Colleague: 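Have a look at this one.
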Number of protein chains: 2
Amino acid sequence: MNLKTLASHLGLSQTTVSRALNGYTDVSLATRNRVAEAAKNFGYRPNVNARRLATGRSSVIGIAFPTDMNMFLDPHFIEFLAGLSEKASQLDYDIMISSSQNDEVDVYRRFAEKGTVDLVILSNVDLSEERIRLLQDLNIPFIVHGRTATCDTYSYIDINNYSVFHDPTKMLLELGHEKIAILNGHPDRVYAIERFHGWQDALNERGITPNPDYVRSGVMSEENGYSFAMEVLQLGERPTALLCSSVIMAKGAYKACSDLDIKVGSDISILAHDDSVPLANATEMDPPLTVTRSPLRDAGREIAIMAMKYLKGTDIKELQCLWQPELIFRKSVAAPPRDDI
Amino acid sequence: MNLKTLASHLGLSQTTVSRALNGYTDVSLATRNRVAEAAKNFGYRPNVNARRLATGRSSVIGIAFPTDMNMFLDPHFIEFLAGLSEKASQLDYDIMISSSQNDEVDVYRRFAEKGTVDLVILSNVDLSEERIRLLQDLNIPFIVHGRTATCDTYSYIDINNYSVFHDPTKMLLELGHEKIAILNGHPDRVYAIERFHGWQDALNERGITPNPDYVRSGVMSEENGYSFAMEVLQLGERPTALLCSSVIMAKGAYKACSDLDIKVGSDISILAHDDSVPLANATEMDPPLTVTRSPLRDAGREIAIMAMKYLKGTDIKELQCLWQPELIFRKSVAAPPRDDI
DNA sequence: TCAATTTTCCAAAGCGCTTTGGAAAATACT
DNA sequence: AGTATTTTCCAAAGCGCTTTGGAAAATTGA
């Protein structure tokens, strides 16, 4: 069933039927309803490729799927993708994924030049702005998940990573903690750098000199969480609080504490940032983990909405989100132990 | 740059240029080369939507992305998707994912009716054949990852789940084990049922009556692995071997053994099926875990190839793959402990 | 009542490609 | 030499939609 036959069944022109289905007001409400009903009865669905050709829009959002052979698939990315895809479906956009083994930008370029996608989502940005600049040069609409230095020139969504470590550090200081160690993400990542500064500044604001021995960075795995915690917990001046960049890392830290017979929530306070990814449920830990929380799935959903707005012409300046993570206090944090016990 | 202007630049007709680019032999090799070069120089890329409209083919493969709010994203699915997307890119197919919160088949129906996708991948099939029958009724091309009872009527790829438990059980019996427990997946899943039968038959073939106490089934999480193992290891007649449905479960079982002071690889033998998903590396376990192995990513790659063949008209009968998992022997398995020690 | 508006519809063009059904040119066959 | 065949190219139609630029009909205003 195509427009033409539907139109002839209705005794109307293609034009009218098309406009009716697209809700134009220059066709009377009566016929609009009549057309809608007929379309439903005949099970008519407009051919998307014809529409795409006619309008020049595809209503497809592209995203690179990082599938390097031996790299394990980041659950963070998947969680984000889940939110994106969910919301996009609701908004009548489709998501096209493309494996980016080779050059990611090349994938995007082809996508855009061929008219496959209207817009591209950029994920996992690093300090280098190469990809961003290329997309800007190619004039391909895009939205970034994360930020770089020139983020005022494009549309993005990010969380305030400075706060992610600044707020908990400040809270810990108020509780009386002074020896606060951080188990951070990979030092090349923008978010890790921001978090580091958040921690550093919070300490400095209190007149405390940040102790470089209390800083560890690396891939946010449970193994690293364990070994980093082991290291800092066996320093001469053992920290009284541990700030982790992810719940997974905190899990490793919990294990280290258990191995060293240090009681979390009394002997030591542990906090983490919680992206709400599977297999890392902060509330089910023992004791429940205090976190700054910002579900990645929500970010995915929001970026779908932003994409839609972008394509509808909303100004870039209005499509720059910086989310403030919420600090959720649980049993893993307490005042530091009194020295005289 | 479109066909028309490219053609006029070359002083050729659109027809010729189009056919040249598509490698038809009714345009001379000389002009074919000339056209190819010009296309490259001008950076010409055919508009996919126009092509799709003209040919009726989209070269897009659709797959439902199960993103239920509170269901955690199965890493198995992701791993499969990674393989699929990787191979599809190489074969010049695109992958469209659609969130399937509501009715998955409905998503497919719309996809197919609108001409968005040429073919659909069905994953996570269960005993009910509802979805398969619907796709067959709607005449939507599809390939199934997994199998159901009527699998001779469609194209699929699956592993021999009967072997997954039959082969290791047989091997254990030959080593002298008789008390073999299984930590299986959810009992509704087709693969879990097949595996159960594999175990059961292998025992019966040796004249051993399968002990129902030695059977546990449930979601293949580390937690379940731990608790299932705890249960069977504390039975009056403790099993000498544990057969797990996934490496993740085996991890839990290892932990249970450690808690009960049972030495894996000497006091007890443990095996598992290994889909090669991230965060579950059998070789890095201590002792290294014996597995039947069949990487899900490979299955994803293969299904992309099958999809291409299907769309090129290959007969369904030639697109039914049943992969035999390989049994990889490692230190977690040994002969059963002698009773007199 | 007739002209000016507004409402409602439509014919036709166009999106950029593929494909059909030849035609012209080149080559091969008597 | 003239005819048959093959090679190489092309004009035009068509894929199924949207959109433009009216035209006809209905409504309003005087």
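So you know, we letter chains A, B, ... as the sequences are listed, proteins then strands, and number each from 1. Since the model is a prediction, treat every value here as computed from it, not as a measurement.
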Colleague: Distance criterion of 3.5 Å, no angle test: do you see the side chain of B/T15 paired donor-to-acceptor with the base of C/dT19?
Modeller: yes
Colleague: In whole angstroms, how far is the C1' atom of C/dG16 from the CZ atom of B/R52?
Modeller: 13 Å
Colleague: In terms of side-chain heavy atoms of A/D26, which of C/dC9, C/dT18, D/dC9 is nearest?
Modeller: C/dC9
Colleague: Between D/dT20 atom P and A/Q14 atom CD, what is the distance in whole Å?
Modeller: 16 Å
Colleague: Taking for each residue the nucleotide of DNA chain C bearing the nearest heavy atom, is the 5' side occupied by B/L53 or by B/R19?
Modeller: B/L53
Colleague: Counting the atoms with a prime plus P, OP1 and OP2 as sugar-phosphate, which does B/S28 contact under 4.0 Å by heavy atoms, base, sugar-phosphate, or nothing?
Modeller: sugar-phosphate
Colleague: Give a yes or no on whether a salt bridge exists between A/R110 and A/D106, defined as a side-chain N under 4.0 angstrom from a carboxylate O.
Modeller: yes
Colleague: Tell me, do B/L319 and B/K309 make a side-chain contact under 4.5 Å, heavy atoms counted?
Modeller: yes
Colleague: Between C/dG16, D/dC10, D/dT18, which nucleotide has the shortest distance from any of its atoms to the side chain of A/T55?
Modeller: D/dT18
Colleague: Want to settle it: does A/R45 or B/G11 sit nearer the 5' end of DNA chain D, counting the closest nucleotide to each?
Modeller: B/G11
Colleague: How sharply is the helix from C/dT1-D/dA30 to C/dC29-D/dG2 bent, taking the axes over five pairs at either end and rounding to 10 degrees?
Modeller: 40°
Colleague: Can you check whether A/D152 reaches A/K317 side chain to side chain, under 4.5 Å on heavy atoms?
Modeller: yes
Colleague: Heavy atoms, side chains only, cut-off 4.5 Å: are B/T150 and B/R133 in contact?
Modeller: no
Colleague: Side chain of B/P46: nearest nucleotide among C/dC9, C/dG14, C/dC17?
Modeller: C/dC17
Colleague: Does the side chain of A/R147 reach to within under 4.5 Å of the side chain of A/V190, using non-hydrogen atoms?
Modeller: no
Colleague: Give a yes-or-no answer on whether the side chains of B/Y154 and B/T148 include a donor-acceptor pair shorter than 3.5 Å.
Modeller: yes
Colleague: Can you tell me the distance, in whole Å, between the NZ atom of A/K4 and the P atom of C/dC10?
Modeller: 15 Å
Colleague: Take the protein atom OH of B/Y24 and the nucleotide atom P of C/dC17, then report the distance between them rounded to whole Å.
Modeller: 15 Å
Colleague: In sequence, state the C-alpha distance, the side-chain angles, and the governing distance for A/E86 and B/F65, and then conclude on side-chain contact (heavy atoms from CB on, under 4.5 Å).
Modeller: CA-CA 9 Å; A/E86 183 190 311; B/F65 190 49; over 6 Å; no
Colleague: Quick one: which of D/dC17, C/dC10, D/dT19 gets closest to the side chain of A/T16?
Modeller: C/dC10
Colleague: Atom CE of A/M1 to atom C1' of D/dC17: distance rounded to whole Å?
Modeller: 15 Å
Colleague: Roughly how many Å is it from CG in B/L6 to C1' in C/dC17, rounded to a whole number?
Modeller: 13 Å
Colleague: Rounded to whole Å, please give me the gap between CG in B/L3 and P in C/dG16.
Modeller: 10 Å
Colleague: Of the listed nucleotides (D/dC17, C/dA11, C/dT19), which one gets closest to any side-chain atom of A/N2?
Modeller: D/dC17
Colleague: What does B/N22 touch in the nucleic acid at a heavy-atom separation under 4.0 angstrom: a base, only the sugar-phosphate, or nothing?
Modeller: sugar-phosphate
Colleague: For A/L29 and C/dT6, what is the distance between atoms CG and P respectively, to the nearest whole Å?
Modeller: 20 Å
Colleague: What orientation do B/F77 and B/F80 show, parallel under 30°, tilted 30 to 60°, or perpendicular over 60°?
Modeller: tilted
